[in-house]
Structures are given as C-alpha cells and as structure tokens.
Amino acid sequence: MKIKNGYLLRTIADTNIVVPVSERVIEFKGMITLNDVSADIWRFLETEREFEEVVTYMIAEYSIDKEVAKRDLKVLLSQMKENGILEYDK
C-alpha cells in the first residue's frame with residue numbers, strides 16, 4: 001500500500017494539510033488535516049509498504065503496543081481508503 005500520486009502533505013501554521021494536485025483536484029474537492037502522528041505515517045506511506053512494516057515502524061517510533069498500533073493503523077487506513085487517497089491491494 002502507498003499514498004496515491006497527486007496528493008501532497010504540507011505543513012502550514014503548524015497544521016498538517018493534505019491537498020490534491022493536478023488531476024486529483026477533479027476527483028477530490030477539499031483538504032484533509034492530519035495530526036502529527038498521522039502525518040508521520042503519511043510520509044512513511046509515500047513509498048510502497050506492507051501493513052506489518054508500518055506496524056513495526058509505529059512500535060519503534062512511538063513505543064506503543066502492537067495491538068494498539070494495528071488498531072490505530074486500521075482506522076487511519078480505512079479513512080484514507082474512504083477518501084480515495086490510498087493504493088491498497090489487499
């Protein structure tokens with residue numbers, strides 16, 4: 001899985017904002033704000049990753065329990081999929 005091309009993460013006034021660019025502007029109207037942890041995971045997903053790889057990254061980066069990492073990641077990925085910004089084969 002990875003972030004689809006055509007979306008950029010920018011930090012403006014300490015706020016992480018995802019904006020569509022190019023042809024994505026037509027299919028996605030608006031912006032998404034992310035907290036710092038979600039923005040960090042976004043950056044990690046800018047290249048192709050497996051679910052377990054992201055979980056391992058979250059555990060190492062944030063010193064959280066594996067089950068918490070899985071649960072929180074599933075929620076974030078679900079929201080990304082709903083908004084059509086995630087390429088996900090599974």
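Here the straight-line distance linking atom OG1 of Thr56 with atom CZ of Arg49 works out to 11.0 Å at 0.5 Å rounding. One distance of note links OG1 of Thr33 with CD1 of Ile17; it measures 7.5 Å at 0.5 Å rounding. Atoms NZ and CD1, from Lys70 and Ile59 in turn, are 8.0 Å apart once rounded to the nearest 0.5 Å.
A distance-only check finds no donor-acceptor pair linking the side chain of Ser78 to the backbone of Lys74 [under 3.5 Å]. Not a single donor-acceptor pair under 3.5 Å links the side chain of Asp40 to the backbone N or O of Asp36. A side-chain donor-acceptor contact under 3.5 Å links Glu48 to the backbone of Met1.
Side-chain contact between Asp72 and Val37 is absent, with no heavy-atom pair separated by less than 4.5 Å. With contacts defined as side-chain heavy-atom distances shorter than 4.5 Å, the pair Met58/Lys66 does not qualify. With contacts defined as side-chain heavy-atom distances shorter than 4.5 Å, the pair Leu34/Ile41 does not qualify.
Taking hydrophobic clusters as Ile, Leu, Val, Met, Phe, Trp and Tyr residues chained together by side-chain heavy-atom distances below 4.5 Å, Phe51 shares a cluster with Tyr57. Tracing side-chain contacts under 4.5 Å through hydrophobic residues (I, L, V, M, F, W, Y), one never reaches Leu8 starting from Phe28; they form parts of separate clusters. When hydrophobic clusters are built by joining Ile, Leu, Val, Met, Phe, Trp and Tyr residues whose side-chain heavy atoms come closer than 4.5 Å, directly or via intermediates, Val18 is grouped together with Leu77. Residues Ile26 and Val21 are members of separate hydrophobic clusters, defined by side-chain heavy-atom contacts under 4.5 angstrom among Ile, Leu, Val, Met, Phe, Trp and Tyr.
Between Arg43 and Glu46 there is no salt bridge, since no side-chain N of the basic residue sits under 4.0 Å from a carboxylate O of the acidic one.
Minimum heavy-atom separation, Leu9 to Ala39: CD2-O, 3.7 Å. Considering all non-hydrogen atoms of both residues, Leu73 and Val55 come closest at CD2-CG2, 3.8 Å. Of all the heavy atoms in Phe44 and Val54, the pair that sits closest is CE2-CA, 3.9 Å. Across Val25 and Pro20, no two heavy atoms sit closer than the pair CG2-O, 3.5 Å.
Other members of a hydrophobic cluster containing Val75 are absent, since no ILVMFWY side chain comes under 4.5 Å of it, directly or through relayed contacts.
Note on ring orientation: taking the six-membered ring where Trp is involved, the planes of Trp42 and Tyr7 are perpendicular (angle over 60°, cut-offs 30° and 60°).
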Requested in this report: Given side chain to side chain contact (heavy atoms under 4.5 Å, CB included), test Ile85 with Ile32 step by step and report yes or no.
Outcome: CA-CA 11 Å; Ile85 58 178; Ile32 298 172; 3.9 Å; yes
Query raised in the report: Stepwise, does the side chain to side chain contact (heavy atoms under 4.5 Å, CB included) test hold for Leu45 with Met80?
Result: CA-CA 11 Å; Leu45 288 172; Met80 288 178 164; 4.2 Å; yes
